[in-house]
Amino acid sequence: AQRMPSGNETDAPSVTVVVSAYNEARSIAQCVDSILAQRQPPNRIFVVNDGSSDDTEQILTRYQTHPNIKVINLPRNVGVPAARNLGVSNSQTDIVAFLDADARAPVTWLQDLVQPFADPAVVATGGPDRAPRGDQTFARAVDYSLRSWIATGRIRIENPFAPFIPAGCNLAIRRSALDECGGFDERLDRRGEEKELIARLRRGGHRVVYCEQAMIWHHRRVSTAQFWRQNYLSGRARVDILRLAPDALTLPHLAPALLVLALSGAAACLILAGPEPLCAAVLAAYLLLLLADGLIAAVTTRSWRVAAWVPLTTAMIHWGYGIGSLIGAMRGVAGYPVGSGSVDKVTDAE
């Protein structure tokens with residue numbers, strides 16, 4: 001991935017923005033209004049209400065008469081990949097951009113996100129997402145951990161250890177490339193559909209660009225249960241992605257599962273064999289690493305309240321993702337099909 005400078009384009013490509021929403025009554029209006037407020041507005045907006053059971057459909061009625069907005073209300077929840085594919089199939093523009101329903105975009109977001117498409121070799125772009133100012137303390141700790149070297153290796157951001165993979169919450173792709181590769185794989189109905197799609201695009205020799213300036217405000221999980229589930233499902237989905245796209249594997253994807261195995265082995269050693277210096281040193285080193293992440297968070301966030309949560313949120317990323325990956329691997333060995341399982345479908349925000 002390559003960083004691209006921001007700038008204004010005289011011949012801007014035509015753009016459709018697709019928003020998939022499932023039970024997002026609290027945030028959907030802010031999301032759509034932020035798209036309408038863009039300095040470089042899209043040609044068309046498709047909001048796919050993916051079988052919501054809350055007031056999402058009622059709130060979206062205020063946009064039914066807008067000339068550039070099409071609201072599609074689905075009778076049942078079909079999952080994020082299918083909802084996004086539906087928006088893509090209705091688009092007739094050069095570029096299709098995606099924004100999550102629990103996110104809002106600064107006024108220059110779309111302009112910055114599509115600027116790299118001036119290079120015909122670029123087929124996809126994406127930018128970072130940050131927790132909105134004023135979010136709860138736990139959500140701000142989650143936001144920090146998702147960007148921490150210790151928690152994630154900063155895999156969500158362009159870095160030398162793994163190729164940049166745009167998140168589906170902040171993504172733009174050429175419509176021609178979507179048609180060529182067949183769109184999002186609807187078997188990945190719980191998480192990760194955009195990661196598998198980007199792997200396919202890269203396999204075809206296409207360029208994917210990181211736009212640091214195309215940042216969005218994206219709400220984080222506000223409880224430990226929600227955040228644990230998010231990481232667990234991400235770990236399980238990663239295995240499904242690798243079953244479809246083995247070339248998408250990088251070391252940071254393996255690290256949480258390896259860490260869980262090492263720490264579990266060290267703990268079992270202490271329980272079964274008594275005080276073993278090496279096993280105790282492994283566990284102590286991990287605890288010190290978590291505390292170090294909290295201290296770094298105190299400096300970077302300037303909030304001890306946020307920093308106090310960071311050792312927990314970082315550990316939840318390691319253990320949730322790692323356990324999810326291990327269970328996903330066992331399910332794969334057992335022959336379960338991709339995307340199958342007993343967990344409920346997740347929202348586009350998760």
Any non-hydrogen side-chain atom of [X] less than 4.5 Å from a side-chain atom of [Y]?
X	Y	answer
N68	L36	no
I165	I155	no
D135	H219	yes
R175	E180	no
C211	D112	no
L326	V260	yes
L244	E196	yes
T301	V310	no

Taking only Lys NZ, Arg NE, NH1 and NH2, and the carboxylate oxygens of Asp or Glu, determine whether [X] and [Y] approach each other closer than 4.0 Å.
X	Y	result
R207	D119	yes
R203	D247	yes
D102	R220	no
R236	D240	no
D94	R44	no

Going from [atom1] on [X] to [atom2] on [Y], what distance comes out if it is rounded to the nearest 0.5 angstrom?
X	Y	atom1	atom2	value
L278	C269	CG	SG	7.5 Å
L291	T314	CG	OG1	10.5 Å
S34	L99	OG	CG	5.5 Å
R174	T125	CZ	OG1	9.5 Å

Ignoring hydrogens and geometry, is there a side-chain-to-backbone donor-acceptor pair from [X] to [Y] under 3.5 Å?
X	Y	answer
Q230	Q226	no
Q38	W109	yes
R147	D143	yes
N170	P128	yes
Q40	Q111	no
N23	S53	yes

Y321-H253 aromatic ring centre distance below 6.0 Å: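 Between H253 and Y321, which both carry aromatic rings, the centre distance is not below 6.0 Å.
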
Would the F227 and Y232 ring centres measure less than 6.0 Å apart?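 Distance test on ring centres: not under 6.0 Å, no.
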
Please verify the inter-ring angle class for F138 with W309; under 30° counts as parallel, over 60° as perpendicular, anything in between as tilted.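 Taking W309 first and then F138, their aromatic rings stand perpendicular (interplane angle over 60°).
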
Indicate the atoms forming the closest heavy-atom contact of A177 with L201, along with that distance. CB-CD2, 4.0 Å

